[in-house]
Amino acid sequence: MAQTHQLPAQGQADHQGFKLLSGRTIPRVGLGTWKSGSKASDAVSTAIIEAGYRHVDTASQYGIEKEVGQGLRAAMKAGIERKDLFITSKLWCTDLSADRVRVALKNTLQDLQLDYLDLYLIHWPFRLKGGAHKPPEAGEVLDFDMEGVWREMEQLVKDGLVRDIGVCNFTLKKLDKLLQIAQTKPSVCQMEMHPGWRNDKMLEACKKNGIQVTAYSPLGSQDHGRDLIHDLTVTKVANKLNKTQGQILVKWALQRGTSVIPKSTNAERIGENMQVFGFEIPEEDFRALSSIRDQRRVVDGEDLFVNKSHGPYRSTADLWDNED
């Protein structure tokens, strides 16, 4: 069901970043690396060295953390200091058990050639058996001990292996459950957000709890039939402001108060996506972008988790707790 509630523009974003509950700062714009493949290393080094990015987002499930690590190493060899970078990775579903959290992080740090992560997220709030099919067969979806996993993640922070912890692809119901048991609140909630899927209710809930939201897939997705780069409203605003459509979509995310991680392996577009400071989308155009009627997810998790014949998740509504 489409979400119709609109949030007001948050005013012009500066380049400094958003303050997290921990007191640390997450950069406003980062590089997403999903589906970057063999180009991940060059994309990361180009983003950091040439375009000025300081946030790189990746995940073990992407299968490219070694390549991302090579890009990070190249950037540091070029003179970028580790303390100036903000690196995010995510804990995959087969590692969502208390005894796997630390092992999974160790593997991630080894692949990324790092001593610590700035941010570690639960990728999806579902636990899968090792080697599970896509979508999982009967018996391959296991009980997710959210409290046990979160306690281990909290311990990683205490041990200095992770600076901040958070979640990704949570529903309101699951976020509320986590907040009831967390000793350390999640610093970040990463969610799909763009004018074609505003995800307003989650954004409001996170703001209420002081949780910073990071918007992924901010440009939509050609692969999933929702390429917002060619949306008529986006194009109209871009032409009016003499900006690219990608810049308008990134800026829209920033004006909502969310950090944003556009993915690209193209050097020119990587640079353009960072050139979103020093201008603001006028209120009337922000409202127009926020009023696109066709509201639907690009990344709904169906191919990963929905088994329509023998579940336990037999529809995307099941995955998202019937909240959409």
Side-chain angles (χ1 to χ4, degrees), residues 1-10 13 29 32 34-35 124 135 168-175 189-207 213-264 269 272-273 276 280-306 308 313-324:
M1 181 181 296
Q3 295 173 316
T4 58
H5 179 66
Q6 295 178 25
L7 293 168
Q10 298 297 310
V29 180
W34 182 41
K35 294 187 176 181
W124 290 86
C168 181
N169 297 315
F170 266 47
T171 60
L172 294 168
K173 178 180 178 180
K174 291 182 174 67
L175 180 62
C189 178
Q190 189 178 115
M191 299 293 292
E192 176 185 349
M193 286 186 182
H194 46 72
W197 181 251
R198 294 187 303 273
N199 216 342
D200 290 330
K201 293 179 181 178
M202 180 58 75
L203 180 56
E204 288 177 323
C206 289
K207 287 188 174 184
V213 172
T214 295
Y216 75 71
S217 294
L219 314 185
S221 173
Q222 291 180 331
D223 297 339
H224 292 79
R226 197 72 197 275
D227 182 6
L228 292 172
I229 293 294
H230 296 105
D231 181 88
L232 292 178
T233 302
V234 175
T235 299
K236 181 179 178 180
V237 175
N239 290 340
K240 175 182 176 180
L241 300 181
N242 195 28
K243 302 294 180 181
T244 69
Q245 290 95 324
Q247 288 171 328
I248 293 301
L249 290 164
V250 171
K251 187 66 177 185
W252 179 86
L254 294 178
Q255 285 187 212
R256 292 183 99 209
T258 66
S259 54
V260 61
I261 46 172
K263 172 261 176 179
S264 182
R269 285 195 289 273
E272 286 178 351
N273 289 338
V276 291
E280 186 170 0
I281 300 173
E283 185 67 31
E284 62 178 347
D285 297 313
F286 182 90
R287 285 199 304 269
L289 292 167
S290 301
S291 300
I292 292 176
R293 297 176 67 97
D294 182 14
Q295 291 289 302
R296 52 189 169 90
R297 297 181 189 274
V298 168
V299 184
D300 61 13
E302 180 173 5
D303 58 334
L304 293 173
F305 303 111
V306 174
K308 296 180 181 179
Y313 306 110
R314 300 197 178 193
S315 68
T316 55
D318 288 343
L319 287 181
W320 298 102
D321 293 329
N322 294 289
E323 291 180 357
D324 293 352

Determine yes or no for a side-chain-to-main-chain donor-acceptor pair under 3.5 angstrom, with [X] supplying the side chain and [Y] the backbone.
X	Y	value
D303	P135	no
S217	G220	no
R256	R198	yes
Q255	F286	no
K251	V276	yes
E192	V299	yes
Q295	P195	yes
N273	R269	yes
D227	I229	yes

With a 4.5 Å cut-off on side-chain heavy atoms, are [Y] and [X] touching?
X	Y	answer
L319	V306	yes
V237	W252	no
L249	L228	yes
L203	M191	no
L289	T233	yes
T214	C189	no
D324	D300	no
H230	T235	no

Problem - Between F305 and W124, ring centroids under 6.0 Å - result: yes
Handout entry: R296/D294 ion pair, N-O < 4.0 Å
Key = yes
Problem - Residues R297, E302: salt bridge by 4.0 Å N-O rule - result: no
Let me confirm one number: the [atom1]-[atom2] distance from [X] to [Y], rounded to the nearest 0.5 Å.
X	Y	atom1	atom2	value
Y313	W320	OH	CH2	12.0 Å
Q190	N169	CD	CG	7.5 Å
D321	K173	CG	NZ	5.0 Å
Y216	S221	OH	OG	10.5 Å
K236	L241	NZ	CG	11.5 Å

Exercise for the section: Would you kindly check if the NZ (Lys) or CZ (Arg) of R226 is within the cone defined by 45 degrees around the ring axis of W197 and under 6.0 Å from the six-membered ring centre? Expected result: no
Exercise for the section: Walk me through it: do V29 and V250 pass the test side chain to side chain contact (heavy atoms under 4.5 Å, CB included)? Expected result: CA-CA 8 Å; V29 180; V250 171; 4.2 Å; yes
Handout entry: Nearest heavy atoms of A253 and T258, plus distance in Å
Key = O-OG1, 2.7 Å
Fill in the blank from the handout: P218 and H194 have their tightest heavy-atom pair at O-CB, 3.4 Å
Practice task
Could you walk me through whether M202 and L175 pass side chain to side chain contact (heavy atoms under 4.5 Å, CB included), step by step?
Solution key: CA-CA 9 Å; M202 180 58 75; L175 180 62; 3.9 Å; yes
